[in-house]
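Data block below; observations after.
Letters A, B, ... mirror the listed sequences (proteins, then strands); counts begin at 1.
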Amino acid sequence: MSNYHFNEIEAKWQKFWAENQTFKAENQSDKPKYYVLDMFPYPSGAGLHVGHPLGYIASDIYARYKRHQGFNVLHPQGYDSFGLPAEQYAIQTGQHPAKTTKQNIRRYREQLDKIGFSFDWSREVQTSDPEYYRWTQWIFIQLFESWYCKQQEKALPIAELVLIFEKEGNFDVNAKCDNNQCFFNAESWNGFSEEKKQKVLLNYRLTYLAETQVNWCPKLGTVLANDEIVNGVSERGGFAVIKKKMTQWSMRISVFGERLLSGLDTLDWSESIKETQRNWIGKSVGATVEFRLQHEKEEIKKLTIKAFTTRPDTIFGVTFLTLAPEHELVAKITTIPQRIAVKEYVTSSAKKSERERMTDVKNITGVFTGAYAKHPLTDELIPIWIGDYVLAGYGTGAVMAVPCGDQRDWDFARHFDIPVINIFKGVDISEQAYTSKENIVITNSDFLNGCSYNNATDKAIEELKKRNLGAKEINYRLRDAVFSRQRYWGEPFPVYYKEGLPQMIDEKFLPIRLPEIEKYLPTESGEPPLGRADSWAWDSSKNKIVSNKLIDHHRIFPLELNTMPGWAGSSWYMFRYMDALNKNVFSSKEAMDYWKNVDLYIGGSEHATGHLLYSRFWVKFLKDRGFLSVDEPFKKLINQGMILGESAFIHRIEGINKFVSVSKIGNLKTQPIHADVSFVNASNELDTEAFKNWRPEFKDAEFVTEDDGSFKVSRDVEKMSKSKYNVVNPDDICEQYGADTLRMYEMFLGPLEQAKPWSTAGITGVHSFLKKTWRLFHSGVEDSFFVSDEAAPKNSLKTLHKTIKKVTEDIENFSFNTSVSTFMIAVNELSVQKCSSKEVLTPLLILLSPYAPHISEELWSKLGHKESISIASFPKFEEKYVVEDVKMYPISFNGKMRFTLELPLEMSKDEIESVVMSHEKTIHYLDGRPPKKVIIVPGKIVNIVG
RNA sequence: GCUGAAGUGGUGGAAUUGGUAGACACGCUGGACUUAAAAUCCAGUGGACAGUAAUGUCCGUACGGGUUCAAGUCCCGUCUUCAGUACCA
């Protein structure tokens with residue numbers, strides 16, 4: 001007796017794989033390499049639900065497939081273990097995040113192991129492990145020690161920049177750096193104090209400390225990067241975010257804007273993710289225009305307001321300027337009568353949260369500064385306004401307003417009665433602005449009259465350049481990323497402060513470990529949690545961390561109190577896997593030269609502008625500095641769709657502890673309450689006893705049932721989450737049906753990239769397929785293992801090769817759902833054919849093993865193999881077994897007679913010809929005359945035009 | 001508002017470059033086995049009409065047009081849904 005005992009089989013083989021290190025990848029091999037990576041999980045306290053493994057199953061199928069094909073496959077896994085939830089939990093319970101993180105990781109590992117992934121766990125990484133984050137800190141130091149040279153389009157060591165400064169000052173340095181730079185020659189550089197030099201260099205470094213407008217989230221007590229804010233609220237928790245000026249570490253990602261943009265063209269990613277990144281980078285080509293100020297004070301007359309525009313062709317349509325309320329010149333230029341109004345406006349817009357600003361979009365607000373600027377080409381005076389439709393963070397924070405050509409300028413002008421000049425010939429702008437660039441003829445514009453958009457743009461820029469009041473400019477939306485977090489559970493910066501200036505700790509003293517603290521909250525004086533650490537100062541003579549009571553500012557200095565953001569550790573982990581145990585470098589050159597970059601990366605699309613952009617940035621930087629040899633981290637990207645939960649709702653009559661089954665609700669006033677989905681079966685019937693025992697308040701609940709006595713709930717699709725009681729644990733599925741069923745069912749659910757609700761309804765179909773497969777290898781009478789050595793009948797070989805072809809194509813296209821169907825068809829056909837031939841069953845088993853590794857491995861060993869099935873080579877499709885019968889359809893009698901011949905793809909040219917010839921007679925018979933012309937479309941359809 | 005993706009039975013979803021729409025699975029119906037249930041196996045299952053029946057005819061891929069011998073697939077227009085994004089000058 002030998003039934004399919006999946007639990008035993010799976011436990012047995014998981015143990016075997018672990019003991020034999022079956023999936024350990026070697027860093028040296030004659031085989032070609034292939035690197036399959038999943039986005040590593042954050043180990044949350046809730047554990048895995050059935051949605052998490054979806055991508056891992058897909059990548060595992062692909063990894064196993066590639067191993068069968070003879071590739072040396074790197075398929076590692078690890079944990080992104082720094083993050084907010086562990087810290088929030090620590091605040092509530094006082095438990096050290098390291099402790100809860102460790103527990104969560106153990107639980108994740110147990111759950112992952114049960115699904116039978118072919119991960120190489122010998123390379124596991126954890127971003128919160130000091131042996132890992134020492135290298136995150138090391139990369140930070142390298143960024144600090146680098147600047148970006150525009151000429152070479154490359155990051156270079158800052159020491160080289162210092163040499164240039166010492167020799168010739170900064171006049172000829174073409175660096176990407178902060179805008180408000182002053183120039184100096186070698187002499188003045190050499191005369192600068194050390195402090196001044198460091199301040200100047202901060203403007204060039206790729207990570208720098210600066211006072212900037214940041215997104216401050218008071219509820220989380222930390223600043224956030226732009227990608228961590230969704231719809232004006234924090235991504236985590238959904239709390240309000242306001243703009244605030246703070247001194248923070250920033251990453252000069254903006255200097256890589258162009259390369260991050262052009263690099264996208266080389267990547268095999270979905271168009272939508274590429275488009276999202278393009279929008280995020282937001283390149284726009286235009287010009288800067290400078291407006292001199294007209295003012296009673298001489299010193300202000302010397303100043304200019306710079307505005308960025310994409311429409312230099314409309315320069316003669318400018319009737320006012322608008323500055324962002326935060327613009328630095330606002331206070332200087334405002335005239336005395338306007339002061340109160342301006343001040344009020346500036347403070348009120350500073351108080352607005354991002355959210356309020358966004359909902360206020362339609363309200364036109366602004367105030368006149370009282371000041372005027374001179375038009376650069378006509379010298380006419382134009383009023384300067386401030387308005388919060390102008391963003392401080394984009395362009396120069398100033399807009400040259402052209403009401404006739406921009407809807408927002410038009411609205412603003414109309415609202416405040418500012419004159420409008422129409423510079424478009426034959427266009428009516430009385431109702432709205434004319435924003436198109438196509439087919440326009442410029443008028444009312446002096447030397448631009450009669451020009452098209454292109455012409456006018458070129459001419460206008462030329463003229464501005466001549467007057468030294470403007471130039472062509474490319475502007476990016478991409479901002480430098482704020483890198484400090486006022487949090488505990490993150491990488492400490494390897495930084496201490498000497499006279500207020502940041503100093504790097506020498507890399508040989510890394511890692512700088514997180515200090516112990518008692519409470520995970522900001523200090524009473526508002527410092528980040530690290531301010532609570534008693535020993536958090538750097539003794540520069542002993543090169544170690546000492547008590548901060550000793551700080552003397554001569555040799556014992558305060559350490560940085562902020563920590564790094566979540567994306568620091570995840571921006572480079574794909575390279576650590578290549579050489580995870582290396583103690584000397586973040587990853588050895590040999591390992592990185594061998595594995596290069598990730599061939600296939602699978603993960604959710606929610607990281608489109610965060611992780612996926614930041615890691616591209618770090619890789620480009622590390623490449624520039626010669627630390628690695630590739631330009632992009634992830635060659636191919638697949639975004640698996642989210643698996644949603646099917647929440648169950650039980651309806652309570654308002655005010656009383658009585659529940660109504662769905663069809664009995666009628667006009668009753670009821671309130672839907674989430675019921676745990678584990679109490680509900682596939683036909684939406686609630687286990688009322690289980691529900692009563694769920695919580696004390698339901699103990700005495702009464703139920704109004706259906707006529708048949710059952711109690712039904714309603715269903716709704718929502719995101720899977722603990723709070724919605726719709727979480728399905730993969731462990732339960734493994735227990736009941738086995739990991740192989742879970743794996744195949746998750747794939748069968750639908751296309752990989754599509755979001756879909758989890759429903760256990762169809763799982764029996766997949767499960768019984770596996771049982772059928774098992775039976776195929778067992779004789780009917782005694783039900784014992786049996787395969788024959790006899791040659792396979794032709795029809796079974798045909799079934800096999802059809803399956804090989806389809807499954808191979810499906811894996812290559814990531815259409816895993818259809819290949820499950822293909823397997824089902826194959827097993828049904830072979831059952832009908834009563835095929836027991838080894839010749840067919842062995843290749844079928846190999847074919848199946850990426851999807852259902854445990855059952856395949858068990859049957860494989862029963863066939864007498866000692867080695868794991870994973871080393872068997874993937875069966876190859878053989879054409880000769882799939883030649884189908886040729887079918888022929890008369891299509892229509894429409895003056896001419898046409899026939900369609902269906903021919904198998906695999907037929908050779910000779911065969912096709914013979915088929916066509918053999919069908920000529922039929923054509924002759926129906927048509928009454930021989931065919932005149934034969935059109936052959938190879939492998940597909942043959943049109944015979946008579 | 002803009003950008004992107006998509007609309008196919010009762011349900012999830014198949015359908016290479018246009019070529020027998022609805023594969024496969026769930027569900028449902030009927031049958032076999034069983035004292036019975038579960039499990040398992042077998043058959044049927046888009047709709048309408050005709051026929052005792054085998055079968056045949058017509059209609060069907062959001063809606064309206066178009067191209068083609070042939071359209072779920074290509075083109076134009078409309079509607080709907082989902083996702084992303086949001087004053088970007």
Fill in the blank from the handout: Regarding B:G9, purine or pyrimidine glycosidic angle vs 90° from 0 gives syn
Handout entry: Spacing of the P atoms in B:G60 and B:A70 (rounded, Å)
Key = 15 Å
Handout entry: C1' spacing across the pair B:C24 / B:A15, given as an integer number of angstrom
Key = 12 Å
Handout entry: Contact nearer the 5' end of RNA chain B, comparing A:Val399 with A:Trp280
Key = A:Trp280
Handout entry: Rounded distance in Å between the P positions of B:U45 and B:A25
Key = 14 Å
Handout entry: Euclidean distance for P, B:C82 against B:C87 (whole angstrom)
Key = 23 Å
Problem - Sidechain N-carboxylate O distance under 4.0 Å for A:Lys798, A:Glu829 - result: no
Exercise for the section: Apply side-chain hydrogen bond (donor to acceptor under 3.5 Å, both in side chains) to A:Trp758 and list each qualifying residue two or more places apart in sequence or on a separate chain. Expected result: A:Thr760
Handout entry: Integer angstrom distance from the C1' of B:C28 to that of B:G9
Key = 13 Å
Practice task
Would you please name every residue forming a ring pair (Phe, Tyr, Trp, His ring centres under 6.0 Å) with A:Tyr434, sequence neighbours left out?
Solution key: A:Phe424
Fill in the blank from the handout: By side-chain hydrogen bond (donor to acceptor under 3.5 Å, both in side chains), A:Arg477 pairs with (sequence neighbours left out) none
Please set out all donor-acceptor pairs under 3.5 angstrom arising from side-chain atoms of residues 604-614 of chain A, sequence neighbours excluded.
| unit_1 | atom_1 | unit_2 | atom_2 | d |
| --- | --- | --- | --- | --- |
| A:His611 | ND1 | A:Ser570 | O | 3.3 |
| A:His611 | NE2 | A:Tyr601 | OH | 2.7 |
| A:Tyr614 | OH | A:Asp227 | OD1 | 2.5 |

Please tabulate the protein-to-nucleotide N/O contacts below 3.5 Å involving nucleotides 4-13 of chain B, giving atom names and distances.
| unit_1 | atom_1 | unit_2 | atom_2 | d |
| --- | --- | --- | --- | --- |
| B:G12 | O2' | A:Leu749 | O | 2.8 |
| B:G13 | OP1 | A:Gln754 | NE2 | 2.5 |

Practice task
Can you tell me, in whole Å, how much space there is between the P of B:U68 and that of B:C49?
Solution key: 36 Å
Practice task
Looking at every strand, decide which applies to A:Asp409 at a 4.0 Å heavy-atom threshold: base, sugar-phosphate, or nothing.
Solution key: nothing
Exercise for the section: Look at all strands and tell whether A:Lys274 reaches a base, only sugar-phosphate, or nothing, counting heavy atoms closer than 4.0 Å. Expected result: nothing
Practice task
For residues 740-759 of chain A, pull every pair meeting salt bridge (charged side-chain N to carboxylate O under 4.0 Å, His left out), keeping only residues two or more places apart or in separate chains.
Solution key: A:Asp60-A:Arg743
Handout entry: Secondary structure of RNA chain B in dot-bracket form (Watson-Crick or G-U wobble, distances below 3.5 Å, | marking inter-strand pairs)
Key = (((((((..(((......[....)))((((((.......))))))(((((....)))))..(((((..]....))))))))))))....
Practice task
List for me each residue that meets side-chain hydrogen bond (donor to acceptor under 3.5 Å, both in side chains) alongside A:Thr304, sequence neighbours excluded, and say none if there are none.
Solution key: A:Glu290
Problem - side-chain hydrogen bond (donor to acceptor under 3.5 Å, both in side chains) involving A:Asn828 - partner list, sequence neighbours excluded - result: A:Lys772
